[in-house]
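Written below as structure tokens is the structure these notes are about.
For reference, positions follow the sequence shown, starting with 1. Quantities reported herein were computed from a predicted structural model and do not represent experimental measurements. Scope of the values below: all heavy atoms of this structure, side chains included, with no hydrogens, waters or symmetry mates.
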Amino acid sequence: MSRQSPPDRSSARRSPAARPTDDELLDAARAVFAERGYAQATMGLIADRADSTKPTLYAHFGDKAALFRTTVRREVAALRAWVISAYETANNRPLEERVRLSVMAMFAYAGAHPESFRLLFDSAVDEMSNERRALADSIATHVVGQVRDHLLAHGRPVGPGADLLGAMMVGLVGRAAMHVSHSPGLDPIAAGELAAGFVMAALRGLDPALLERLDRPSGAPHPAGQCAT
């Protein structure tokens, strides 16, 4: 007696009422891309995760690269809306509270949406470089504004060093939040509070001489009593 082969789910069709929505398909794509990376993710794995079919994915989104770009665009928009909401909430608060809320926004998102965060910041796929760069630039612009406010509040001149400090803060917070997204046992709120305290301690302890040295135009003389190293 011959054994029957299992049905090929990649081409099986479900009833129209049971078919997943585009958002449900993208949720499945996000999960598989975050877990396996772009290279190891397949349309079959994504279709299985969505309890759908490969023909459905191709019909809705095109090939894997197109599906990946659509998924990334959706996750970038979600994170941007999240952090902008946090920034707007912090607008009229004292500077240190604004810094804390800005840092906490990244950690809260990484904790609430770890797959989304890993997809956006733990991938080197070329297809997402422009979207990720635009997102990082928008976050950095806000952070640089906070650094400039801090320097001005402490009577320090604002120069190119503010941009570098902002980039440092974004890089530090981003990598730390990425660590949280990979560590289910870590409390993202406690981790965010620690990171916020670290950032504020760094700003308070900033050596004015080092900042002045960076902001000084190339070739400008050093202040009396100082020498270039």
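Here CG of Leu45 is found 3.0 Å from OG1 of Thr42. Values are rounded to the nearest 0.5 Å. Distance check, rounded to the nearest 0.5 Å: CG of Leu25 to CG of Leu67 gives 8.5 Å. Distance check, rounded to the nearest 0.5 Å: CE of Met43 to CG of Asp63 gives 7.0 Å. Within the model, atoms OG1 of Thr71 and CZ of Phe33 stand 5.5 Å from one another, a figure rounded to the nearest 0.5 Å. Summarising the geometry, atom CZ belonging to Arg213 is positioned 10.5 Å from atom CG belonging to Asp207; distances are rounded to the nearest 0.5 Å.
Looking at every heavy atom in both residues, Phe117 comes nearest to Gly174 through CE2-O, 3.9 Å. In terms of heavy-atom proximity, Lys64 sits nearest to Ala39 at NZ-O, 3.7 Å. In terms of heavy-atom proximity, Ile46 sits nearest to Ala28 at O-CB, 3.8 Å.
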(message) Under the criterion salt bridge (Lys or Arg N to Asp or Glu O under 4.0 Å), I'd like the reasoning laid out for Arg80 against Glu75: C-alpha separation, chi angles, the key distance, then a yes or no.
(response) CA-CA 8 Å; Arg80 181 179 288 115; Glu75 300 310 310; over 6 Å; no

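Between Asp149 and Arg98 a salt bridge is recorded (basic side-chain N to carboxylate O distance below 4.0 Å). Using a 4.0 Å cut-off between a side-chain N of Lys or Arg and a carboxylate O of Asp or Glu, Glu35 and Arg118 do not qualify as a salt bridge. With respect to Arg74 and Asp27, a salt bridge is recorded, a charged nitrogen being found less than 4.0 Å from a carboxylate O. The residues Arg148 and Asp163 are annotated as salt-bridged, a charged nitrogen and a carboxylate oxygen being separated by less than 4.0 angstrom.
One hydrophobic cluster, built from ILVMFWY side chains closer than 4.5 Å, holds both Val170 and Val76.
The closest side-chain heavy-atom distance from Val103 to Phe198 is not below 4.5 Å. Counting heavy atoms from C-beta outward, Thr56 and Phe61 have side chains that stay 4.5 Å or more apart.
Taking the six-membered ring wherever Trp is involved, the centroid distance between the rings of His113 and Tyr109 falls below 6.0 Å.
The 12-atom threshold is not exceeded at NE2 of His179, counting heavy atoms of other residues, nucleotides or ligands nearer than 6.0 Å. Summarising the local packing, CZ of Arg73 is surrounded by more than 12 heavy atoms from other residues, nucleotides or ligands at distances under 6.0 Å.
A donor-acceptor contact shorter than 3.5 Å links the side chain of Thr21 to the backbone of Glu24.
Ring orientation note: the planes of His142 and Tyr87 are close to parallel, at an angle under 30° on the 30°/60° scale.
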